[in-house]
Every structure is written in structure tokens, then in C-alpha cells.
Amino acid sequence: MQTSTADPLLSVSGLTLHRGARRILDGVDLSLGRGETLALVGESGAGKSTIAVALMGLLRPSEARIEGRAELAGEGDLFGLPERRWSGLRGGRLAMVFQDAGAALNPCFTVGSQLTSVLRRKLGLGRAAARARAVELLDSVGINDAAARLSAYPHQLSGGMQQRVMVAIALACNPDLLFADEPTSALDVTIQAQIVRLILDQTRARGASCIFVLHDLALASQSCDRIVVLYAGQVMEAGSSAEVLKAPRHPYTRLLKSCVLEIGTARLEPPAGGVPPWEEMPAGCRFASRCPRALPRCAGEKPPLTQEGGRALACWNPE
Amino acid sequence: MLLMALKKVLQTVFVLFIVSVASFSLLKLAPGDPVEIMLGSEYSAEAHAALVRQLGLDQPLVTQYLDWLGNFVTGDWGTSYIARADIFTYAFVEALPVTLTLAAFSLGLAVVLGVPLGVLSAVKKDTAWDAGAAVFALTGTAFPSFFLGILLIWVFGVKFGLFPVMGFVPPWEDFWGGLYHMILPALTLSTYFIAMIVRLTRATLVEVLAQPYIAAARARGEPGWRVVWVHGLRNIAMPLVTIIGLQLGTLLQGAVLTETVFSLPGAGQMITSAVLGREYGVVQAGVVMTATLFVLVNLAVDLAYPFLDPRLRPR
Amino acid sequence: MSAPLAQAAAPAAPVFELLDVEKVYQVTRPAGFLRRETRGLAALDGVRLRVPGGSSTALVGESGSGKSTLLRVLLGLTRPTNGQALYRGRPIAEARAAAASGFTRDVAMIYQDARGSLNPRMAVADLVAEPLRHFGLCTAAELPARVAELLARVGLPGDVAQRYPAALSGGQVRRVAIARALAAEPSVLVADEAVSGLDVSTQAQLLNLLADLKESMGLTLLFITHDLGVASYLCERIAIMYLGRIVEAGPTNAVLEAPAHPYTAALRAASPQFFAPIAEPLPGEIPSPVDLPPGCRFASRCPRAEADCQGTDPALTSLSPGRTAACLHPLATGA
Amino acid sequence: MTDTATVAPRARRRSTSMLRRRPFFTLGLAVALAFALAAIFAPYVAPYDPTFQDIEFMMTGPGAQHWLGTDSYGQDILSRIIFGARYALAIGLCSVAIGALGGLVIGLAAGLSDGLVEWLLMRLIDSILAMPSLIMAVAFIAILGQGVDKVIIAVGIAMIGPFARTVRADVMQVRVQLFVEAAGLMGVARLRIIWRHILPNVVYPLAVQVTIRISEAILVSSSLSFLGIGVTPPTPDWGLMIAEGRGFVSFAAWMSGMPGAALAILLIALSLVGDGIREEFDPKLRDGA
């Protein structure tokens, strides 16, 4: 795969996901080395959150049909695991930080009970030990007066504090892989910077890998080693974030980048239209209907994801 | 929080005041002259005038209302002319406990059966199980209870002779006997509530289970049963308790019918026979009792909100 | 840049002028058994702002900065508790009440929640026609053509007219809201986070649309946003708010390239930038506007705070022509 | 099954007819319409005069002559059920109309006013709600006396409370919506805002409520007659018929069984219709709308 490391923690191949008749993910390949940070970027409907949720095993068979493989080092294919094994992995080796912490914390339970229940279940700590560990964890994510905050309900904390609590819960059992699903999009910019720094520092300190789901390319370039650009459930381009974003080869990556506002941007040139509805999705490259460089074959024939010098690209007519 | 509670209590007192005025007007608006009814068909003008004075009917309405309220609060609810009994004893001491017993049994049955059924239906959403529960819920909420009672009497009482079809045995005197006599009435009355609770539990739980905090609970490795029964159920407690409180009225009016079907000497039967016998004092007692019960239970529900949902607690 | 010219040509009163506007909300909270105390929550505290005709101003701040309250004051939805809020030289409340002032027609608003601002029971054609009918801008016969023209102007296909908002995408709903706002041919457009929460390509399309409309209609634009990139793209001037006060104002590019106020600098650093290392974030969070400390309201989080910042509340003072900042120790602007 | 609306994608919902997408709704509607038609054309459909007492055929079981049997007076049960549908539907529709209208007025007033007026109106609604509709109807019957018209009034008044509460809740919800504020910003007059923006958003959910509550009104009115305090014999009312047959349950079960089944089937059909309409049109049950 496109990873540069010899020792991948996770490698996903041919991940295809159907919800009803809709193919939400279409043959997604990606891999991730130990200690690496990876950004999944794309616009809404790209399937970036779905990848995270699927890899956490949070989708029930009634909700989605999953094909493909996801090898986690030391576990084998995740999609072949029984539910019992999954719930062992979740909160243990796999953890997740959600987009809106205010909604991801149960309003009816205190912060302490939601944090200690993980510690007690996963690490087998006693009541007092779990409490002490919880205080340490809250302290380590930058929450002042941690002992008192244990008895607070989520609504009594600010958005930034709620997200810190989520990070503390996710890191409670030193996961190998942390999914961060738009962890800052509900927050103000100065708080966003705090949270991104916190997640990066904490995962780095633990040697954990991290998959960020982001819509902000600039933020992805700042926080992640590698990047995967998705459009309507297909991987368009992947590689080191510096290379991909500095010299995009896929027309979609280039267009996406050209829409990002920077201070002093003179004129934006967005692609016309929007993501087509599912019924009108091209059978081949899904970006074909909006692509300025589309060839006749693009709409009917899906370009393979080809590897070249640590970068991957799925395009019949790259730049 | 205490202030909030005080405010709610005040509102309740005011509502009770309106209810009392309405009940008082019931007596005033009722057709027929109560004095004539008391005196029978033959009476002298003097006797009539004397009784009017004795009853205070010559006083202004406000005075009459205050007198009536004073008597009512102190348990002097007048006399049932036909039953020749004290209404307070008749209504409050004899009839109400029967109704309350029936209502309590039925509500208990409804919660014990309805919540788990609703949870199962929500968890197994869009399966045959769920469809079956939905059909039951719809039929159960629409089915007329008095007809259901007759059907149960016919099947279990007449055809199989399994259960008694009438009579009341106070469960505080003979618990098992009381239970035995209560089975068919409670089943009749609770069918609607089981169905309603199944529906409500399913609807609210489906919504709750789609919330990010449920996904988050699963993402930190909480086992499936805990996610549903602890995280899910805790969050539907408030709508559940609210609706049960609001549906208490339906429970009480269902009790009226059920008591008639099973000839239970409760408040419902009391009211019905009083209407037929034009005993407005008794009707009034029944109305005031049910309304007060309803208002007080809903006050309790209101006051319980901060305990059910921490978001309603002050910071 | 035609705005400065327009300004020079019309020496009339600015469209909006805020003179030390204060808005204090009374909040009660429990204080012991059965007792409450009332405190003042200063959502706006001495705001000065001048919006000249034909200009475009971005109002930037994080949640809790008082942007929304300022907006409500400007629209006349709430009265300031102190100070003066003027629309073309008249108090806004008075202007709103007087039909002759044309305030309601002249000032149009685009909400952040565009979907919520459109009656779900009305078809797009009716929604766009409502201002036309209300202000009597065209005859019933002209109405369909005028609506079609407005829809075309915001880049919507004609068949959208018969649809209801629920059947439209997020980007389309925003366009309908823009069409509706423009229907009354206003001269002032107030937009509250009008492009936030959208995908970048949709956002870019809308930004271009707004920029073109501003240019072609000569609109005075007041754009509330949290995104410095959006501010820089759309507006010539910028005002940065923090805790109910404008802490820095000036030409957008000058302010963002060389901020004078440490808070502006921190906002600038916190905004994602390609390939730059993530800057050291500002510590702490925005404090509650109840019980403000004396001195500079930013001192608790300011990396450059000195001893006098705790005691002296800096006023918005002029640094160089056109630029103001409320800071005792402003950063060098290089101007 | 009841939740297909929230699952079904929006595009599909618009493109196919509600009748095809909701088989249960269609079934309910068909049954309810059959009852309505039978009620309207009762004199042509019913085999006998509903009050004709045939001494020779007293308490005959269902058979060729009397399809659903006869009662203790020898009256044909099928005919009485068909004519009874007239009373059930008429009482249900009229009383719901009274309740909805009263509820709309009180609910609008409570939702649009503020301060003391709102507080008083709210307490008034609370007090109406404190009396369950059957008990309240009983109280009104006690004052008004028995009869079809009295039942309509009693049940109608008893339904004002629930209607008023939902209308008020809807008004409260709508009046803080941004589109109401937006209309105000444009300088649209308050009355016009109420008429053009608030009322339509309240009336639609009210109409949904009406369809749901028709079955409740029919249930309450037949309960009254079952208790013997609603309409008076020999009116062919289902509740009365069920009550009359009660005593003969052990040897003539059809006497209350047939009208009971008719009532149950109509009520279930009506709630299927009500449910279908609610799921189709209730914005709260819709995704993203």
C-alpha cells in the first residue's frame, strides 16, 4: 500500500460499504503505520466519517453491508471478528473522539462515571483506583480542578472542556489507534488549536497512531503526516500531506485546494454544481460529472488506485 | 430549584382553585332544585324556605362557594340522598381505594410488560418482532376497553371459568384473593397502557439509540446490553414518566369503564350511578377527586424532572 | 475599490454608527435558600463602530464575543441599555418604527440558519415574492418574471420556484435566502455567518456570488463571521470582537497581516494555514461576561499581559489612520 | 412498521403515492370509507329497519335471515350496526370539530399572549386537562342531560383541553422561529405574520391531530352510551348495544360481540389512518426537514 513504513498498524483494502442500494464507500484502500497521523479529507458525502465508524465496528449489520478487509496488526481482519472481540477492542486498542462532544457525552451521567466505567471495565481497576486514574487523566488533558469536575454533568462544561473529557476517555486505555472525527469543527478557532495540539501531543506521547477526519485541508496539512482525499466514497489521491497538497495530481484535489480561503486570496474558482444525487452517480470515477479534465472513459470506467513513489492516485487523466 | 418548585406548587394550587370553582358551578348549573329533591314530592312553602336558609342557598354565590369549599376541605361532602350515606365515606373511604387499587395494578402491569417489550422492539427495529409489536401497539391503543373486558369475561370467565368476573376483594385483607379478582380487570385496563408504553418506549429509544452518545458509549467498549439498558433507558426516563403522568387521566377514565364491566364498587361506578340518579353532590365528589389526583401526580412528575434529567438542574 | 469614492461623494451620515453601545442583560441566579440575586451580564460593553455607505465590514469574533447581540442591536431587535445606535443619523429603534425611513426595506438580513429563516409551508416562489408584495414593488402580473429573474441572479434553476425549502440542499437554501434578501432592492445587507457550515466548494460559490452582488448592486455589507479567510475575501474593513467589545478595527488585509492587538494575532495564528506548524494556542477560554475583572478583558489569556493590564481598561484608540485597537501594549504594526 | 417514514428517503416519499407506500394506511382508509359509505346510505344498505322488533326472532344467532343475529327485542343487529355507524361517525366528527375549534382559539390566545394573560390561560388549559375527557363529558351530561346533541357538546367540550395544549405548544414553537423574526424585520404587520406565517404552521399539525382524535371522540361517546348515560334507547348506538348484550354474554355472545367488533374495527382503522397521516406530515418525524 501507500504506507512508507514497513510495519503497518492498519491496512484496509477494498472497503466497500452499502446502505440499502447505495454504495457509500467504493473500494477504499488505505494503510497506516505505527505512530503515524493520517487525515481523511473530502466534502460531505465523501464517506470519511463512515470509514472511521466502520473501522470502529460501530455499524450494525442491519445498517450497512461491509465488504473488504481491514487488517489490524495482531488481530487479523477486523471485519471477521465476532462482536465480543470488537467490544474488547473498542475503548482498548481502538478509540474515538467525536465531532460534537456535547452530544457524544451522555447528558444523564456525570463525567466521572463515564470516564471511570471505561477504566474499571477495561483495566479492571477498583472504584478508588479508577477515580484516582480519572483525576490524573483529566489533569493530563488540561482540565483544572479535575477532582471536582468528576462529579460535573457534561452540560456544566464548556464545549472545549467537553472535548477534553472525550479525549481523556478515548486515551484512558492507551489505544494503538485513535479516530478523531472532526474533533474541532464545533469549536471556536482558538479552542480548536488547543484541542488539535492536545490530541497530537497525547497520541505522540503514547506512540499511538491517529486518523483524523477533517474537512479543512489546511488543518490537515498542519496536523497529519499523510492524507487521503475522498470523493463520494472513492479514494481520489493519497500520500504524504505535504506532497499531495503542494502538488496535487488529481483534479479533485486541486479543485478542493483551490476552494480553501487563505488570507489575501484574490479570487476563488470553485467547481460548478455539487455532488450528484446517488441515482445519478457515475459508474466509473464518481468525480467525472464535475471534473474539468474528464475524458470520455472516466464516467464509465473506474480508474484503479495506482502507487507511485509513496503516492497513490486514481485518475485516468492526472495533472 | 426550591423557588422553581414553589412556583410549580403555586400553579397547582391555582389549577385546583379553578377545578373547585368548576365543580361548585356543576352543582349550581345542575338542573332541578336540590331542595325539592331533598324534600320529596310533597312539602310546604315554609319547609322549603327553611331548608333554603339552612343550606345557605339565600347567600351570595361567593359566600356559598366559600362555605362549600370550607366544608369540602374538612371532609364534609354532604349526604347522598339516595344512598342515605355520607358522601365522604362513600366516595373517599369506600370507592376511591377500589379505583386506586385497580389503577395501581394496571399501571404496574403496564410498566413491567410495556417497557421491556418496547425496548426489544427498538433494539430489533425493522424486524418481524418489531412489526408484531407495532401491530399489537396499534390494536391495543385503539381497542375499546369495555368491549375488551366483555371479551375477557366471555373467554376466561364463561368459556373456561378460570377467573372471577366480578367482585372486589381488598388486597390489603387478602392479597392473593385480591390479585386473583383483579387479574381480568387489570388486564382490561392495562392493555391500552401496555400498548402505549410499548409505542412510546420504542419511539423514544429508537431516537436515543441514534444519538452520538450511544455511539460514543459503544466506541469506548461498553457491552451492548449496557448501552441499551443503562445508557438508553436512563435517557428515556423523562419522557416516559411525563407521558405516564399525563395519561393518568386516561387511566382513571378507563377505570370508570372497567369498574362498570366487572361490577367493582369503585369511584367510576359511583359517578355513573350518581349521574343516572341525578346525585350531583356525588358526581361532584368524583370529579374533584379525579382532578385532584391528576393534578397532584403531575405536580410530582414536574418536581421529579431535575432528578430525571440533570440538564434541568441549576448549574 | 469604489467604496472610498462613494464615501467621499456622499458626506451624509454613515449607514450605521454605534456610539459606546452597551447592552446589559439582567440574569438571576440562586443565592442561598429561596433567594436570588440579579447580576448584570454585559453582552456589549462600549462598542464603537462606523459603517459608511458602500463599505464592507467584517465583524469577527468567537462565540461569547457579543457578535449576535450587536447584530440584534443593529437590526433594531433589541435596544441598547446605554449609548446610541444610529441608522443614517437616527436612533435605530426610531428608524424602524417610522415607515418613511425605509429602514425595513433598506436593510436586508441573511441568517446563518437559512433554512430556519424560510417558512417551510411556503414555496420558493412565494418566499421570494413576499418582500416584493409587501413593499409593493411590482404588480401581480410582473411577479413571476421578477421572481424568476431574482432566482436566476443567485444562480438557481427556474424549477426551484415551485419547490419547498425542505426539498432543497443546504447551498440552494442559502441562495434562496439571498434572493429573498435582495428582492426588496436593499442598500444594506447584513449577513450572519452566511457561508458557514457548508462544504468548501459550495462556500466558494456563495462567496463569489456575494462578492459579485456587492459589486454590482453597490451594497453596504456587514458580514458577521468567525472565519478570517472569509472576512479577508469579502470585506475591506474588519472589526475584531472579544467579550462584548471591539478590540481592533481597520482595513482587513492590514489588520490581518500585522495585527496590533494580541487577540487578533492569536486568532490569526490559530486559523489553519497550509504547511505551517501549529502555533502555540491561546491558553484558557473566553471568560463569562458576568463579573468581568477590572482592567483589560483579555488580560487573563494574553501572552503579553503586563502589570498595568490588570488595572487599566484600555479604550479603542487610533494607532494609525484608519486603524484602531484597544490595547495598552499593542504589537508593532509596521505602518 | 410504523416508522417507515423516517427510514424512507425523501425522494422516494414524494415520487410514489402515499397509498402505495403505506399499505396499512390504505387498508385503514378503505375500512373507514366503507363504514362512512354504509352510514351515509344506511337506509339502502341495511336489510331491516333498525328499530323494527320482530317478536319471532328474539335473540336469534347469526344466520341466513339475520346475518349477525338479533337482540333481545328481535331487532336486526346488522341493521342496527349500519345505522349505528351514522351516530358514531356523526358524533365523532362533530365533537372533534368543536374541540379543534375551541382548542385552536384558546391555544392560539395562550400561545400568542404573554405575561398574566398567558399564565391564566395556561392554568385554564391545565384545569381542563385535569379532568379526563370521559369524566368531563360525564359531568357535562349530568348538567345537560342525555341525547345525541348533548353527547356531541359534552365530548366536544371535553376535547378542547388536549387540542388547546397541542396548539399552544405549536404556536410557542413557531413564534420563535427565524422566519417569523425575518418577517418582522421586513416590517410585516403582526396580524399578517400571525395569519401568513404562524397559522399555517399550526393548522397543518392541528389537522393531523384531528384525524388522530376522531377515534378518541368516538370511543368516548360510545363509552358514555355504554355506561348508559349517553344517547338513549332505542337509538341504534354501538355502545348501547354492547351494554344491552352484556347480560346475555354467556348464551348470546353475538349481541354485544357484533357491535363491539364493529366499534373495534372502526377505531383501529381510524388510528391506522391517523398514524399514516401523522407520519407522512408531521415535520417532527421527518428527517432533516
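In what follows, every chain begins at residue 1, and chains take the letters A, B, ... in the order their sequences are listed.
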| task | Flag yes if more than 12 heavy atoms outside B:Lys124 fall under 6.0 Å of its NZ atom; otherwise flag no. | result | no
Residue by residue, which of [range] have a heavy atom closer than 4.5 Å to a heavy atom belonging to chain B?
range	value
residues 110-121 of chain A	A:Gln114, A:Ser117, A:Val118, A:Arg121
residues 161-184 of chain A	A:Met166, A:Ile169
residues 92-106 of chain A	A:Leu94, A:Met96, A:Phe98, A:Ala103, A:Ala104, A:Leu105, A:Asn106

| Taking the six-membered ring for Trp, are B:Phe147 and B:Phe143 parallel (under 30°), tilted (30 to 60°) or perpendicular (over 60°)? | parallel
| field | Pairs of heavy atoms under 4.5 Å with chain B: top-ranked of A:Ala152, A:Gly57, A:Pro107 | value | A:Pro107
| task | Look at A:Ser87, A:Ser62, A:Cys108, A:Pro154 and state which one has the largest set of heavy-atom pairs under 4.5 Å with chain B. | result | A:Cys108
When rounded to the nearest 0.5 angstrom, what distance separates [atom1] in [X] from [atom2] in [Y]?
X	Y	atom1	atom2	answer
A:Ile211	A:Met56	CD1	CE	11.0 Å
A:Leu125	A:Arg133	CG	CZ	8.0 Å
B:Leu148	B:Leu152	CG	CG	4.5 Å
B:Leu151	B:Ser145	CG	OG	11.5 Å
B:Phe136	B:Leu117	CZ	CG	7.0 Å
A:Ile195	A:Asp188	CD1	CG	11.5 Å

| task | Decide yes or no for B:Phe193 and B:Thr250: does some side-chain heavy atom of the first lie under 4.5 Å from some side-chain heavy atom of the second? | result | yes
| request: Starting from the C-alpha separation in whole Å, work towards a yes-or-no answer on side chain to side chain contact (heavy atoms under 4.5 Å, CB included) for A:Leu40 and A:Leu30. | output: CA-CA 10 Å; A:Leu40 304 179; A:Leu30 53 90; 3.8 Å; yes
| said: How close do A:Leu187 and A:Gly160 get, counting heavy atoms only, and between which atoms? | reply: CD2-N, 3.9 Å
| query | Do you know the tightest heavy-atom contact between A:Cys210 and A:Ile199? | reply | SG-CG2, 4.1 Å
| field | Interface residues of residues 229-243 of chain B facing chain A - heavy atom cut-off under 4.5 Å | value | B:Val230, B:His231, B:Arg234, B:Asn235
| task | Taking B:Thr99 for its side chain and B:Ala267 for its backbone only, find out whether a donor-acceptor pair lies under 3.5 Å. | result | yes
| message | So does A:Gly233 get a backbone contact from the side chain of A:Lys48, meaning a donor-acceptor N/O pair under 3.5 Å? | response | no
| Trace of the side chain to side chain contact (heavy atoms under 4.5 Å, CB included) decision for A:Arg60 with B:Lys125 | CA-CA 12 Å; A:Arg60 296 184 174 88; B:Lys125 186 168 168 274; over 6 Å; no
| said: Taking A:Glu83 first and then A:Arg90, would you say they form a salt bridge - that is, a charged N and a carboxylate O separated by under 4.0 Å? | reply: yes
| request: Begin from the C-alpha positions of A:Leu15 and A:Phe79 and carry the test side chain to side chain contact (heavy atoms under 4.5 Å, CB included) through to its verdict. | output: CA-CA 10 Å; A:Leu15 173 56; A:Phe79 297 134; 3.7 Å; yes
| field | Residues B:Asn298, B:Phe294; criterion side chain to side chain contact (heavy atoms under 4.5 Å, CB included); working and verdict | value | CA-CA 6 Å; B:Asn298 279 289; B:Phe294 179 87; 3.3 Å; yes
| field | Structural part of B:Leu308 lying under 4.5 Å from a heavy atom of chain A | value | backbone
